[in-house]
Novice: 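Below you'll find the structure I mean.
So that the names make sense, note that chain A is the first sequence line, chain B the second, and so on, each numbered from 1.
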Number of protein chains: 2
Amino acid sequence: MNIGEVSKRAGLPKKTIRYYEDIGLVTPLRDTNGYRSFRDSDMHKLAFMGRSRALGFTIEDCRNLLALWDDQDRASADVRTIAKEHLAQIESKIVDLQAIQETLTLLVKECAGDDRPDCPILKTLEQFPMK
Amino acid sequence: MNIGEVSKRAGLPKKTIRYYEDIGLVTPLRDTNGYRSFRDSDMHKLAFMGRSRALGFTIEDCRNLLALWDDQDRASADVRTIAKEHLAQIESKIVDLQAIQETLTLLVKECAGDDRPDCPILKTLEQFPMK
DNA sequence: CTTGACCTTCCAGTAACTGGAGGCCTTACT
DNA sequence: AGTAAGGCCTCCAGTTACTGGAAGGTCAAG
């Protein structure tokens with residue numbers, strides 16, 4: 001399978017697939033003309049990557065997950081630990097963003113948004129201690 | 001005022017302040033020994049930056065906000081537009097993260113997390129169409 | 001034999017810093 | 001006078017996960 005086909009099937013840009021090869025996540029074979037030749041197992045790995053990345057796992061997390069995936073003797077606890085840590089990070093990010101959202105919503109509401117220069121948003125950025 | 005003092009007062013790392021000078025956000029004076037010498041106005045700008053960045057505005061947004069801040073004839077609508085766009089992005093990011101959070105929570109719940117190799121998290125990453 | 005769609009590599013850029021090396025300046029203490 | 005600590009300087013490189021583009025080889029159709 002050539003890269004274009006893999007790209008379509010895995011839903012990843014060709015650039016990304018080449019990049020994943022660069023950093024050693026997949027190692028496709030090569031045809032005599034130099035073209036990458038992907039096996040089904042490469043395809044699977046890439047699809048796995050796509051899904052893991054869509055869930056926000058870092059590349060390094062993905063690398064570890066792939067290794068666990070390959071390891072028939074893995075303990076599911078190892079996978080769970082990675083997922084739980086990631087989940088915790090997602091949750092703390094949500095909390096942070098929600099705080100920002102609240103503040104911004106307030107500011108936008110308070111600002112007249114007309115052609116006068118008076119602006120509570122700027123005033124806040126100027127003065128608010130914020131932490 | 002030297003960079004150390006400014007760093008403390010503005011709550012920004014020295015490295016960041018130097019970086020902000022590099023990209024033209026502040027232009028402190030220089031003492032004869034080459035040390036940066038920050039005026040109150042520089043200090044204010046940096047504090048403004050710190051607060052804007054804490055609200056998640058990009059550097060370019062900050063640059064625009066600073067320009068509007070400096071412009072006595074600005075229209076508050078311009079500021080409001082920037083803030084509203086940013087708010088929209090924050091909100092969409094929250095939605096994305098919440099979707100991820102849901103999926104992950106489910107997966108973590110389903111996974112036994114013991115020393116057996118059977119793991120629904122990996123199974124999902126392997127198979128789930130996900131979009 | 002040329003056109004277009006593939007594929008290749010390599011270089012550079014993104015956002016917003018952060019770390020570190022190597023080295024000067026200042027101040028205080030012995 | 002010497003020295004040690006701490007602050008300051010510049011410059012280079014690395015981070016994350018790609019993405020864009022240039023220059024060029026390959027392949028199938030007409």
Novice: May I have all residue pairs that pass ring-ring contact (aromatic ring centres under 6.0 Å, His included) and include part of residues 75-110 of chain A, sequence neighbours excluded?
Specialist: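 Output for this query lists F57(A)-H86(A).
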Novice: Walking along DNA chain D from 5' to 3', note the first and the last nucleotide with an atom under 4.0 Å from a heavy atom of chain B, and give both.
Specialist: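 Listing 5' to 3', DNA chain D meets chain B from dG7(D) to dC11(D).
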Novice: Distance check needed: dC7(C) C1' versus K14(A) NZ, whole Å only.
Specialist: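 So the NZ-C1' distance, K14(A) to dC7(C), works out to 8 Å.
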Novice: Ignoring hydrogens and angles, tell me if any N or O in the side chain of D78(B) forms a donor-acceptor pair with the backbone of R74(B) under 3.5 Å.
Specialist: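 The answer is no, because no donor-acceptor pair under 3.5 Å joins these two groups.
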Novice: For residues 7-33 of chain A, which residue pairs qualify under ring-ring contact (aromatic ring centres under 6.0 Å, His included), counting only residues two or more places apart or in two chains?
Specialist: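 Output for this query is empty, none listed.
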Novice: Under the side chain to side chain contact (heavy atoms under 4.5 Å, CB included) test, which residues partner T27(B), sequence neighbours left out?
Specialist: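 Side chain to side chain contact (heavy atoms under 4.5 Å, CB included) list for T27(B), sorted by chain: empty.
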Novice: Tell me which donor-acceptor pairs under 3.5 Å the side chains of residues 2-16 of chain B have, and how far apart each pair is, sequence neighbours excluded?
Specialist:
from	atom 1	to	atom 2	distance (Å)
E5(B)	OE2	R9(B)	NE	3.1
S7(B)	OG	L12(B)	O	2.7

Novice: List the residues meeting side chain to side chain contact (heavy atoms under 4.5 Å, CB included) with E85(B), not counting sequence neighbours, and say none if there are none.
Specialist: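 Once residues adjacent in sequence are excluded, the partners of E85(B) under the side chain to side chain contact (heavy atoms under 4.5 Å, CB included) criterion are T81(B).
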Novice: For the helix from dC1(C)-dG30(D) to dT30(C)-dA1(D), how many degrees between its two end axes (five pairs per end), to the nearest 10°?
Specialist: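 Answer for the end axes of this duplex: 30°.
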Novice: Heavy atoms within less than 4.0 Å of DNA chain D: which residues of residues 32-48 of chain B have one? Give them sorted by number.
Specialist: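 Correct list: G34(B), Y35(B), R36(B).
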Novice: Ignoring hydrogens and geometry, is there a side-chain-to-backbone donor-acceptor pair from D70(B) to A67(B) under 3.5 Å?
Specialist: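 A pair under 3.5 Å: no.
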Novice: For the side chain of D42(A) and the backbone of R39(A), is there at least one donor-acceptor N/O pair under 3.5 Å apart?
Specialist: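 Answer holds: yes.
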Novice: Which residues within residues 16-26 of chain B lie with some heavy atom under 4.0 Å of an atom in DNA chain C?
Specialist: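 Residues of residues 16-26 of chain B under 4.0 Å from DNA chain C: T16(B), Y19(B), Y20(B).
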Novice: What residues form a side chain to side chain contact (heavy atoms under 4.5 Å, CB included) with S37(B), not counting sequence neighbours?
Specialist: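 If we apply the side chain to side chain contact (heavy atoms under 4.5 Å, CB included) test to S37(B), skipping adjacent residues, the hits are L29(B), D31(B).
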Novice: Going by side chain to side chain contact (heavy atoms under 4.5 Å, CB included), name the residues that satisfy it together with D114(B), two or more places apart in sequence or in a different chain.
Specialist: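 D114(B) satisfies side chain to side chain contact (heavy atoms under 4.5 Å, CB included) with S76(A), A112(B), R116(B) once adjacent residues are dropped.
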Novice: Nearest whole Å is fine: how far is dT26(C) C1' from I3(B) CD1?
Specialist: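 Distance check: I3(B) CD1 to dT26(C) C1' gives 17 Å.
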Novice: Would you call the rings of W69(B) and F48(B) parallel, tilted or perpendicular, taking 30° and 60° as the class edges?
Specialist: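 Rings of W69(B) and F48(B): parallel, under 30°.
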Novice: In this structure, how many angstroms lie between the P atom of dC25(C) and the CG atom of D31(B), rounded?
Specialist: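 Going from CG in D31(B) over to P in dC25(C) covers 13 Å.
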Novice: Hey, which of these two, T58(B) or K15(A), hits DNA chain C nearer its 5' end, going by closest nucleotide?
Specialist: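 Counting from the 5' end, the first nearest nucleotide belongs to K15(A).
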Novice: If you define the side chain from C-beta out and look only at heavy atoms, does anything of L125(A) sit under 4.5 Å from M49(B)?
Specialist: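 Side chain of L125(A) against side chain of M49(B), heavy atoms only: no contact under 4.5 Å found.
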Novice: Quick one: ring-ring contact (aromatic ring centres under 6.0 Å, His included) partners of Y35(A), sequence neighbours excluded?
Specialist: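 None.
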